[in-house]
Amino acid sequence: MFIVYLFRTLIVIAIVFLVYIAYKYVVNPKRKLNVAKEKKQFYFLDEEENVQKNFLMTYKGILFEGEKYIGTIENAFDVVSISVYAKEPEALKGLERDDLFFLEKEILIHYPFATVEWKYPINELLNHSPS
C-alpha cells in the first residue's frame, strides 16, 4: 500500500514539474523575442533596472541591439545615450527611414532622456536627405 501512495506522489510531482517547465518556456522573454522576429513583429526586450545590460528589439524580422550609457540629468543619473546597431546588417534590406523613426520613438518611450545614435550602416540611411 505504501508503494502505491509513493508512486502516486511521484507521478503528481512529475506532472507539477512538467507544468512548471512548460510555463517557464512559454513566458521566457528570449523565446518571445525569437517568435516576434520570426513573425516580423515588433518586440522590445530590456532589463531597465540593469543599465549595463544591452537591450534587444526586433522589427520586420531584423534584430537590433542597443548599448545604454549612463549620465547625469538635472539631479539624477539616467540613461542619456544609446547606440543602436543591427545584429545582422544583411537583413536590413527593405528597411525605410520611417521604420527607424518608429524604433527611435519606442526607445524614447523607455528612455526619455536619451539621445539615440544609429551605427553604420543604419546611420547612412538617416544622413541621406529624402528625395
Side-chain angles (χ1 to χ4, degrees):
M1 209 53 158
F2 173 74
I3 293 182
V4 171
Y5 290 124
L6 181 64
F7 185 69
R8 287 181 183 170
T9 304
L10 290 175
I11 289 176
V12 168
I13 290 172
I15 291 172
V16 168
F17 181 72
L18 289 174
V19 168
Y20 172 77
I21 295 295
Y23 172 77
K24 291 303 261 180
Y25 174 77
V26 169
V27 298
N28 184 338
K30 285 277 196 182
R31 187 194 67 79
K32 288 182 179 180
L33 179 75
N34 289 332
V35 168
K37 182 180 178 203
E38 290 172 9
K39 291 184 176 183
K40 299 187 178 200
Q41 297 173 336
F42 175 77
Y43 187 77
F44 192 87
L45 174 62
D46 186 25
E47 292 180 23
E48 290 187 32
E49 65 278 353
N50 188 351
V51 179
Q52 295 177 338
K53 190 167 183 181
N54 296 347
F55 67 81
L56 298 170
M57 64 181 171
T58 182
Y59 183 67
K60 291 190 173 181
I62 305 167
L63 184 63
F64 298 92
E65 185 168 354
E67 296 179 15
K68 304 178 275 189
Y69 300 98
I70 195 166
T72 57
I73 55 156
E74 295 182 23
N75 299 344
F77 287 101
D78 205 347
V79 175
V80 295
S81 178
I82 296 174
S83 295
V84 182
Y85 58 93
K87 298 277 276 182
E88 302 162 341
E90 63 277 359
L92 291 172
K93 185 174 189 295
L95 193 69
E96 298 175 359
R97 183 177 295 201
D98 289 339
D99 298 328
L100 297 177
F101 293 146
F102 168 77
L103 292 172
E104 191 165 328
K105 183 183 78 163
E106 290 295 325
I107 293 169
L108 293 175
I109 288 171
H110 295 275
Y111 299 102
F113 302 108
T115 57
V116 179
E117 175 191 353
W118 296 94
K119 296 289 186 179
Y120 181 84
I122 301 169
N123 61 355
E124 295 294 316
L125 178 63
L126 293 174
N127 291 338
H128 287 93
S129 61
S131 301

Can you list, pair by pair, the side-chain donor-acceptor contacts under 3.5 Å of residues 31-38, counting residues two or more places apart and other chains?
from, atom 1, to, atom 2, distance (Å)
Arg31, NE, Tyr25, O, 2.9
Arg31, NH2, Val26, O, 2.7
Asn34, ND2, Lys30, O, 3.4
Lys37, NZ, Glu88, OE1, 3.3

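- For the pair Ala86 and Leu92, the tightest heavy-atom approach, listed with the atom from each and the gap, is CB-CD2, 3.9 Å.
- Remark: Phe17 engages Ile21 in a side-chain contact (heavy atoms from CB on, under 4.5 Å) (not counting sequence neighbours).
- A donor-acceptor pair under 3.5 Å links the side-chain atoms of Lys68 to the main chain of Asn50, judged by distance alone.
- By the criterion of side-chain heavy atoms lying less than 4.5 angstrom apart, applied directly or through intervening Ile, Leu, Val, Met, Phe, Trp or Tyr residues, Leu108 is grouped together with Tyr59 in one hydrophobic cluster.
- In terms of the salt bridge (charged side-chain N to carboxylate O under 4.0 Å, His left out) criterion, residue partners of Glu65 (sequence neighbours excluded) are, by chain and number, Lys87.
- The cluster map of Ile, Leu, Val, Met, Phe, Trp and Tyr, joined by side-chain heavy atoms under 4.5 Å apart, puts Phe102 and Ile82 in the same cluster.
- Once rounded to the nearest 0.5 Å, the distance linking CD1 of Ile70 with OH of Tyr111 reads 10.5 Å.
- Hydrophobic cluster membership differs between Phe42 and Leu45, with clusters built from Ile, Leu, Val, Met, Phe, Trp and Tyr side chains linked at under 4.5 angstrom.
- Scored by the ring-ring contact (aromatic ring centres under 6.0 Å, His included) test, Tyr43 finds no partners at all (sequence neighbours excluded).
- Between Ile122 atom CD1 and Leu100 atom CG the span is 6.0 Å, to the nearest 0.5 Å.
- Counting heavy atoms from C-beta outward, Phe55 and Glu48 have side chains that stay 4.5 Å or more apart.
- Put simply, the side chain of Val79 reaches to within 4.5 Å of the side chain of Val51, judged on heavy atoms.
- No chain of hydrophobic side-chain contacts below 4.5 Å, direct or via other Ile, Leu, Val, Met, Phe, Trp or Tyr residues, connects Val80 to Val84.
- Listed by chain and residue number, Asn123, Glu124 satisfy the side-chain contact (heavy atoms from CB on, under 4.5 Å) test with Tyr120 (two or more places apart in sequence, or in another chain).
- Not a single salt bridge (charged side-chain N to carboxylate O under 4.0 Å, His left out) links Lys40 to another residue, sequence neighbours left out.
- In the hydrophobic cluster analysis, where Ile, Leu, Val, Met, Phe, Trp and Tyr join through side-chain heavy atoms closer than 4.5 angstrom, Tyr69 is grouped apart from Met57.
- Counting non-hydrogen atoms of other residues, nucleotides and ligands closer than 6.0 Å to CD of Glu49 gives a total above 12.
- Other members of a hydrophobic cluster containing Ile109 are absent, since no ILVMFWY side chain comes under 4.5 Å of it, directly or through relayed contacts.
- The aromatic rings of Trp118 and Phe64 sit perpendicular to each other, their planes meeting at more than 60°, with 30° as the lower class boundary.
- With Phe44 as reference, Ile107 is the one residue of Leu103, Ile107, Thr58, Leu56 to meet the side-chain contact (heavy atoms from CB on, under 4.5 Å) rule.
- Scanning for side-chain contact (heavy atoms from CB on, under 4.5 Å) contacts around Ile3 gives an empty result, with sequence neighbours left out.
- Lys53 meets the salt bridge (charged side-chain N to carboxylate O under 4.0 Å, His left out) test with Glu47; sequence neighbours excluded.
- Counting heavy atoms from C-beta on, the side chains of Asp98 and Phe101 come closer than 4.5 Å.
- The salt bridge (charged side-chain N to carboxylate O under 4.0 Å, His left out) check on Asp78 picks up nothing, with sequence neighbours excluded.
- For residues 99-117, every residue pair satisfying the salt bridge (Lys or Arg N to Asp or Glu O under 4.0 Å) rule, not counting sequence neighbours, is listed here: Lys60-Asp99, Glu117-Lys119.
- In this structure, Met1 belongs to a hydrophobic cluster whose other members, linked by side-chain heavy atoms under 4.5 Å apart, are Tyr5.
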